[in-house]
Amino acid sequence: MRIAVVGTGVIGASWTALFLAHGHEVIATDPAPDAEERLRSALPDSARLTFTHDLAEAARSADFVQENGPERPEAKDEIFAVLDEHARAGVVLASSSSGLLPSRIQQACTRHPDRVLVGHPFNPPHLLPLVEVVPGTLTSEETVAAAMDLYTALGKRPIRLRAELPGHIANRLQAALWREAYSLVERGAATVADIDTAIANGPGLRWALLGPFLNQHLSGGPGGIAHVLEHLGPPMEDWWADLGDPRLTPELTQKIVSGVAHELSGTDESTVAAARDELLTGLLAAKARTQGMP
């Protein structure tokens, strides 16, 4: 396939690497003057990569479009109006948007709004398997199926959302955790480093292997999740009632920023990121080799 990657920032460049790694041709487009230079410098193998500053040209030659433009409705309107006009009928127009709803994005498409959906990756797309496929009110089932098939063929784990929600699923779950983490810092119950340690060395390790429901089920022994909910459900409801409702005041913002700076004190941030990605790659490989993991 020839895939148009619209917007070649962090997400677009990562998508490009993934598409190329799976043997596809990529035509990338970005209005920034230095976009092609930055993209090619980030990709060791770009033999099947072409670049154009002309969005319409990219759309005309594409078999699938992955859009990664700014998270602003007016910017999406401009991009998708051009894509809708110039992409061949039947070509899926997928947006990587992390928060905008597909029904809103479809409003810019007067010809074929039925081929528009959100295909939101988890960053970085070339490493993490998750893609949230979110159809809008006008999206056809054929479009959803085509997107799910392509993402699956790329080695991704796409999930189809049954409702349009700001932030989709994964970001909403993250936001719930961040909400309480920020509240605990605000209350003085824990430091930023304490919370990072708690998650990275506790539930985060299990969440990297199985999701919250299966982990909860396995913790219930023979009785499974039914036993957990019967015996620990009431205390959990009490915890829910006591969860914080923080606001990002200047004071809390400064606490968080200072806490992260203290946690990284004396550490090369690029080294931490590289070690994270190396461990992540190893974990994904280990999961792929392990039988019985969903």
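- Across every non-hydrogen atom of A163 and V134, the tightest pair is O-CG1, 4.4 Å.
- The aromatic rings of F64 and Y151 stand perpendicular to each other, their planes meeting at an angle above 60°, with 30° marking the opposite boundary.
- The shortest side-chain heavy-atom distance between F122 and N171 falls under the 4.5 Å cut-off.
- Crowding of E37 atom CD: a count of heavy atoms from other residues, nucleotides or ligands under 6.0 Å not exceeding 12.
- Rounded to the nearest 0.5 Å, atoms CG (L55) and CZ (R60) are 9.5 Å apart.
- Using a 4.0 Å cut-off between charged nitrogen and carboxylate oxygen, E67 and K76 count as a salt-bridge pair.
- With contacts defined as side-chain heavy-atom distances shorter than 4.5 Å, the pair H24/L154 qualifies.
- Although no hydrogens or angles enter the test, the distance criterion places no donor-acceptor pair under 3.5 Å between the side chain of E180 and the main chain of L243.
- I169 places a side-chain heavy atom less than 4.5 Å from the side chain of L173.
- Taking CZ from R2 and CZ from R48, the interatomic distance works out to 12.0 Å, rounded to the nearest 0.5 Å.
- Summarising the geometry of D84 relative to P113, their closest heavy-atom pair is OD1-N, 4.5 Å, with the distance given to 0.1 Å.
- Using a 4.5 Å heavy-atom cutoff, the side chains of W15 and V26 are not in contact.
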Might you work through the side chain to side chain contact (heavy atoms under 4.5 Å, CB included) test for R179 and D245, ending with a clear yes or no? CA-CA 7 Å; R179 178 176 180 170; D245 187 21; 2.9 Å; yes

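- The closest donor-acceptor contact from the side chain of K156 to the backbone of P125 lies under 3.5 Å.
- Within the 4.5 Å cutoff, no side-chain heavy atoms of R115 are placed close to those of S140.
- Salt-bridge formation is not detected for the pair R72/E78: no Lys NZ or Arg NE/NH1/NH2 atom is positioned less than 4.0 Å from an Asp or Glu carboxylate oxygen.
- Under the 4.5 Å side-chain contact rule for hydrophobic residues, V185 and V260 share a cluster.
- Between the side chain of K255 and the backbone N or O of G188, no donor-acceptor pair lies under 3.5 Å.
- Test N68, D30, T29 against T8 for side-chain hydrogen bond (donor to acceptor under 3.5 Å, both in side chains) and you get one pass: D30.
- Side-chain atoms of T290 never come within 3.5 Å of backbone atoms of M293 as a donor-acceptor pair (strictly under, hydrogens ignored).
- Only one option out of I195, D194, D196 pairs with V192 in a side chain to side chain contact (heavy atoms under 4.5 Å, CB included); it is D196.
- The heavy-atom pair separating H53 from A32 by the smallest distance is CE1-O, 3.1 Å.
- Remark: L283 CG to E278 CD distance equals 12.5 Å, nearest 0.5 Å.
- Counting only distance, with no hydrogens or angles, the side chain of R162 and the backbone of R160 share a donor-acceptor pair below 3.5 Å.
- Between the side chain of Q216 and the backbone N or O of V228 there is no donor-acceptor pair closer than 3.5 Å.
- The hydrophobic clustering, which links ILVMFWY residues whose side-chain heavy atoms are closer than 4.5 Å, places M148 and L150 together.
- Note that CZ of R289 and CG of L284 are 11.0 Å apart. Values are rounded to the nearest 0.5 Å.
- Test V133, L161, L138 against L117 for side chain to side chain contact (heavy atoms under 4.5 Å, CB included) and you get one pass: V133.
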Where do L49 and L39 land on the side chain to side chain contact (heavy atoms under 4.5 Å, CB included) test, with the steps shown first? CA-CA 10 Å; L49 170 66; L39 180 62; 3.9 Å; yes

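- Closest of all the heavy-atom pairs between V118 and P102 is CG2-CD, 3.8 Å.
- The nearest pair of heavy atoms linking P203 to A198 is CD-O, 3.4 Å.
- Counting heavy atoms from C-beta outward, E25 and T50 have side chains that stay 4.5 Å or more apart.
- In this structure, the separation between CD1 on I11 and CG on N123 is 3.5 Å, given to the nearest 0.5 Å.
- Remark: the backbone N or O of L210 is paired with a side-chain donor or acceptor of N215 at under 3.5 angstrom.
- Side-chain atoms of S14 and H126 form a donor-acceptor pair, as typed in the model, at a separation below 3.5 Å.
- Here the side chain of R38 pairs no donor or acceptor atom with the backbone of A13 at under 3.5 angstrom.
- A continuous path of Ile, Leu, Val, Met, Phe, Trp and Tyr side chains, each step under 4.5 Å between heavy atoms, connects I79 with V65, placing both in one hydrophobic cluster.
- Note on L18 and F51: same hydrophobic cluster, where clusters join Ile, Leu, Val, Met, Phe, Trp and Tyr whose side-chain heavy atoms are under 4.5 Å apart, directly or indirectly.
- Follow the hydrophobic side-chain contacts under 4.5 Å out from V82 and you never reach I3; the two are in separate clusters.
- Counting all heavy atoms, side chain and backbone alike, G99 lies closest to E71 at N-OE1, 3.3 Å.
- By the 4.5 Å heavy-atom criterion applied to side chains, P73 and L100 are counted as neighbours.
- Surrounding NE2 of H262 are at most 12 heavy atoms belonging to other residues, nucleotides or ligands under 6.0 Å away.
- R111 places a side-chain N or O within donor-acceptor distance of the main-chain N or O of E85, the cut-off being under 3.5 Å.
- Side-chain atoms of T137 and E164, non-hydrogen and from C-beta on, do get closer than 4.5 Å to each other.
- Taken to the nearest 0.5 Å, the OG atom of S183 stands 10.5 Å off from the CZ atom of R247.
- Shown here is R88, whose CZ atom has more than 12 heavy atoms of other residues, nucleotides or ligands within 6.0 Å.
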